[in-house]
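Each remark here refers to the structure printed beneath this line.
These numbers come from the heavy atoms of this one structure, side chains and all, not from hydrogens, waters or symmetry mates. The chains referred to below are lettered A, B, ... by the order of the sequence lines, with proteins before strands, and numbering in each begins at 1. Note that the structure is predicted; figures quoted are calculated from it, not measured.
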Protein chains: 2
Amino acid sequence: MQKTKRLLAIEKIIEEAHISTQDELLKRLKGKGISCTQATLSRNLRQLGVARIPNSTGGYKYFLSENIRSTANSPVKLNIVPVIQDIVEAKGLMVIKTIPGNASNTAFFIDGAGRYEIAGTIAGDDTILLIPRDGITLQQVHTCLEIILPGIHDQIKKK
Amino acid sequence: MQKTKRLLAIEKIIEEAHISTQDELLKRLKGKGISCTQATLSRNLRQLGVARIPNSTGGYKYFLSENIRSTANSPVKLNIVPVIQDIVEAKGLMVIKTIPGNASNTAFFIDGAGRYEIAGTIAGDDTILLIPRDGITLQQVHTCLEIILPGIHDQIKKK
DNA sequence: TTGTTTTTTGCATATTTATACATTTGTTTT
DNA sequence: AAAACAAATGTATAAATATGCAAAAAACAA
């Protein structure tokens with residue numbers, strides 16, 4: 001999806017550069033081949049929980065209000081092994097069944113992706129409860145999971 | 001001086017109330033007998049380093065940046081073990097992230113306080129799901145947590 | 001005091017950010 | 001495939017915030 005890529009790019013730029021207005025960010029994105037309008041950017045920044053903080057030198061700077069999430073430093077790729085057995089939705093939450101003993105590391109992996117869509121996870125032995133953020137649909141979470149663990153849904157369906 | 005008094009009042013209001021626009025703050029100040037224009041307020045907020053952060057419910061909230069900025073120049077509170085990493089709200093529930101392996105004992109400690117506001121908790125390895133009683137706001141839960149674990153919010157924000 | 005300099009403020013307005021609405025794009029269902 | 005639904009986006013504009021400039025207030029010096 002176009003949006004997901006943009007959100008990631010926004011996070012990256014904000015972490016790395018000193019951005020003080022949305023137009024500035026807009027230009028940076030354009031430089032990376034990603035283009036949208038200021039309106040979209042405004043909505044995205046809200047979704048990411050980005051703060052604008054004045055500094056003492058007379059300018060402003062955007063900050064991620066939630067702390068750095070890196071997909072980069074995740075050590076294990078879980079999607080090689082068919083760990084995830086089933087996904088069930090309930091009460092606006094998502095229940096993920098894994099093979100025994102693998103809930104914890106799978107959840108850790110999901111957490112490690114640092115996706116804004118996911119408020120948090122709780123893992124037992126072979127079950128994970130995934131709590132989406134407010135305003136996020138389960139469909140969005142599915143998309144998100146597909147990004148974190150490519151092929152996850154195929155894997156389940158083929159079972 | 002007039003300004004000093006106003007700056008103090010602004011800090012106090014921002015800490016205590018949920019302020020989302022400068023006009024709103026302006027009215028509060030007026031209610032306290034302090035009056036100025038939005039322009040002055042804007043300048044004061046810059047001076048105080050106040051940030052405006054979007055929340056998941058579609059609004060905004062002003063924060064004193066000492067409460068959100070991390071880092072070096074903030075004194076460390078040694079009597080607090082930094083077990084709790086983050087608190088996220090979703091679906092009227094509260095998701096508390098701890099350092100790995102500490103969810104269970106932290107949840108036990110929270111349960112042990114026997115607070116009415118909290119219906120119960122479920123702990124995984126590094127995440128606690130806290131379920132508030134019906135009719136209890138998340139704000140009340142925050143207050144409650146601050147009573148059980150003094151300094152908890154500072155600890156998180158300074159991370 | 002009086003004149004001089006610095007700080008603070010309001011006004012008017014520019015800049016920046018948010019949003020209602022319509023449209024497009026994508027997804028699911030039949 | 002088409003219909004039905006949901007999500008994402010752009011346009012235009014509203015809302016909110018920042019700032020240049022002149023006036024007023026405060027601080028300072030002689």
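- The phosphate of C/dT17 has neither OP1 nor OP2 within less than 4.0 Å of any side-chain N or O from A/R46.
- Contacts of A/K61 classified as side-chain contact (heavy atoms from CB on, under 4.5 Å), with partners at least two apart in sequence or in another chain: A/H18, A/F63.
- Between the P atom of D/dG10 and the CG atom of A/L41 lies a distance of 10 Å, rounded to the nearest Å.
- At the phosphate of D/dA15, neither OP1 nor OP2 sits under 4.0 Å from any side-chain N or O atom of B/Q22.
- Applying the side-chain contact (heavy atoms from CB on, under 4.5 Å) rule to A/T21 yields the partners A/D23, A/E24, A/R52; only residues at least two apart in sequence or on another chain are considered.
- Taking the salt bridge (charged side-chain N to carboxylate O under 4.0 Å, His left out) definition, one finds that B/K12 meets it with B/E16, sequence neighbours left out.
- At least one side-chain nitrogen or oxygen of B/T40 sits closer than 4.0 Å to the OP1 or OP2 atom of C/dG10.
- Distances shorter than 4.0 Å separate some side-chain N or O of A/Y60 from OP1 or OP2 on D/dA18.
- The residue among B/N44 and A/T21 whose nearest nucleotide of DNA chain C lies closer to the 5′ end is B/N44.
- Note on the helix from C/dT1-D/dA30 to C/dT30-D/dA1: angle between the axes of the first and last five pairs equals 40°, rounded to 10 degrees.
- Residues that satisfy the side-chain contact (heavy atoms from CB on, under 4.5 Å) test with A/T121, not counting sequence neighbours, are A/A107, A/I110, A/D111, A/I118, A/I128, A/L130.
- Atom-to-atom, CG of A/L26 to P of C/dT17 comes out at 11 Å; the value is rounded to the nearest Å.
- Note on A/T37: a base of the nucleic acid sits closer than 4.0 angstrom, heavy atoms only.
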Taking N or O atoms only and anything under 3.5 Å, show me the protein contacts with nucleotides 21-23 of chain C, one pair per line.
none

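- Base engagement by B/S42 is indicated by at least one non-hydrogen atom pair under 4.0 Å involving a base atom.
- Residue-to-nucleotide contacts include a donor-acceptor pair under 3.5 Å from the side chain of B/Q38 to the base of D/dA18.
- At least one side-chain nitrogen or oxygen of B/Y62 sits closer than 4.0 Å to the OP1 or OP2 atom of D/dT17.
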